[in-house]
Amino acid sequence: MTTATTIYSARRILTMNPSNAEATHVAVRGDIILGAGTLEELAGWGDYQLDTRFADKVLMPGLVEGHSHATEGSFWRYVYCGYFNRTDPSGKTWPGLRSVDAVVERLQERNAELGEGDKPISAWGLDPIYFGDVLVSRGDLDRISTTRPIGIRHASGHIMSVNTKALELSGLLRTGINHPGVPLDEEGLPTGEMKGPDAMEMVALHVGLDRKIMAADEWGLRQFGWLCVRQGVTTAADLANPLPTEAVDMMLRVTDEADFPVRIVSLRRFQGVTPSELIERSRELREMSTDRLRLGRVKVHADGSIQGFTARIRRPGYYNGAPNGLWYATPEQLQEIYELALEHDLLVHTHTNGDEATELMLDIFERALYKFPRADHRFTLQHCQLADAAQFRRMKNLGVCVNLFSNHIYYWGEQHYAKTVGPERAERMNACATALREGVPLAIHSDAPVTPLGPFFTAWCAVNRKTPSGRILGEAERISVEDALRTITIGAAYTLKLDDELGSIETGKRADFTVLKDDPLEIGGENLKDVRIWGVVQGGRVFSAEEI
Ligand SMILES: [Zn+2]
């Protein structure tokens with residue numbers, strides 16, 4: 001039995017296949033593309049059904065989000081406390097909170113809703129850098145409740161603010177704590193700001209934000225799927241999942257459902273295990289992969305976040321004189337992971353924000369590749385925000401890819417200019433143009449839930465480098481619309497080692513398309529974020545955003 005062939009007509013098809021850049025029709029059989037071209041050319045494949053529903057739409061390869069977290073879906077269970085307006089998976093927009101008082105007020109509303117009892121309040125998206133240099137301390141959160149534990153995960157995901165009750169329940173309301181992630185007040189008690197994964201984990205369980213949330217849940221995973229359809233994403237990396245057995249079982253089941261609309265590439269996070277256990281588990285996971293749930297890749301963190309001053313940066317250090325940040329793993333652990341990964345042919349992505357962390361990783365790659373030479377490893381530095389031209393040249397020489405955090409320019413660019421790294425480094429942060437010029441394979445990302453999922457917005461950031469006040473931060477690092485569209489399709493697919501299957505519309509690849517009401521080349525760079533998305537075709541199945 002042969003599967004039926006459908007030929008879709010479109011206003012324009014941008015294929016990202018350099019040898020056949022544009023087409024008017026695309027033929028699909030099952031979940032595979034037969035080819036793109038004219039109707040006449042495609043008719044040669046035999047009997048077909050002509051589907052004209054996209055005749056006035058523009059098709060692109062399904063967008064690939066190379067760094068997000070499926071927990072974006074799950075976070076909508078908790079109270080959103082971010083500075084910017086944000087739309088949830090149902091389409092409701094939550095107004096941004098512009099002061100500590102506004103945050104306290106929203107949480108007081110939640111407290112009233114919860115009524116009696118000691119159920120924790122869990123919240124996310126806090127970004128105190130916008131409120132001036134204030135600390136959101138346990139004192140602030142005690143204004144909401146002193147009997148109920150409260151925890152807010154900061155937007156960066158690297159800090160958590162908790163109230164006194166949460167510290168008390170965690171056994172931390174005492175003097176004499178000596179931990180770099182637990183700052184103390186004048187009385188010698190924790191301030192309530194917990195920095196880095198270690199410190200966050202000491203309190204997380206008591207505020208309902210434990211490590212399990214990084215593994216998404218069934219409801220959250222489905223929410224994430226719909227968020228992807230709204231944004232035209234057909235493949236999304238889930239970049240730091242602890243992937244416990246029960247989560248993997250759930251993810252395999254949910255992604256296998258006929259109406260689950262996105263392919264998830266879930267990387268096993270290095271936390272709570274030894275390097276050899278991590279590699280062993282990743283090899284097991286690789287064997288469990290399906291088309292819509294790709295497993296067997298690894299994620300490690302080298303440092304923290306720049307705006308939280310937990311990133312490791314080289315001299316001359318932070319612009320405002322803040323002390324250097326935190327290491328999230330030892331060089332010995334990182335070295336061991338990379339050597340084992342090369343031995344077992346596993347793909348590893350590493351989070352570096354500061355340039356000292358990037359430099360450490362480049363040294364580690366160099367030593368590991370000397371011991372275990374491998375030509376096409378696709379090791380990828382994630383964020384890598386402060387890399388300079390010399391570091392991009394080393395990446396090129398070592399065969400390393402980069403996935404830059406273009407959304408940062410918009411969300412924190414002003415703060416980076418004024419406070420964290422100062423004007424010169426802020427203007428070359430997330431240096432897309434330098435990466436392309438030096439020949440480093442490039443992707444760009446949202447890191448959702450850190451910033452909202454939306455590859456066209458991310459591409460707009462890379463093209464314009466505009467901040468909310470309209471300042472252009474680093475004219476020289478802007479890239480063209482064409483380059484930006486490549487990074488959110490074939491570029492991201494390459495970093496995940498999936499460019500043989502995804503990222504372009506061409507013979508033999510997966511039938512993944514993003515269906516647009518506007519032509520991104522016509523609308524131009526300045527308006528790229530406003531491209532209207534109709535929905536997607538994922539693995540030959542049609543999903544309209546309007547039907548969510
Ligand atoms: Zn991330």
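For ligands, and for the atoms within them, numbers begin at 1 and follow the listed sequence. None of these values were measured; they are calculated from a predicted model.
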Taking ring-ring contact (aromatic ring centres under 6.0 Å, His included) as the cut-off, I'd like each qualifying pair that reaches into residues 385-406, sequence neighbours left out, listed once. H383-F405, F405-H408, F405-H445
Do the charged groups of R394 and E366 touch, with an N to O distance under 4.0 Å? yes
Contacts of Y494 meeting ring pair (Phe, Tyr, Trp, His ring centres under 6.0 Å) (sequence neighbours excluded), chain-then-number -> none
For the Zn ion (ligand 1) the protein N, O or S atom count under 2.8 Å stands at 3
Residues, nucleotides or ligands: over 12 heavy atoms within 6.0 Å of K396 NZ: no
If a pair satisfies ring-ring contact (aromatic ring centres under 6.0 Å, His included) and one of its residues is in residues 278-307, list it, with sequence neighbours excluded. H301-H351
Does D88 reach the main-chain N or O of G91 with its side chain, forming a donor-acceptor pair under 3.5 Å? yes
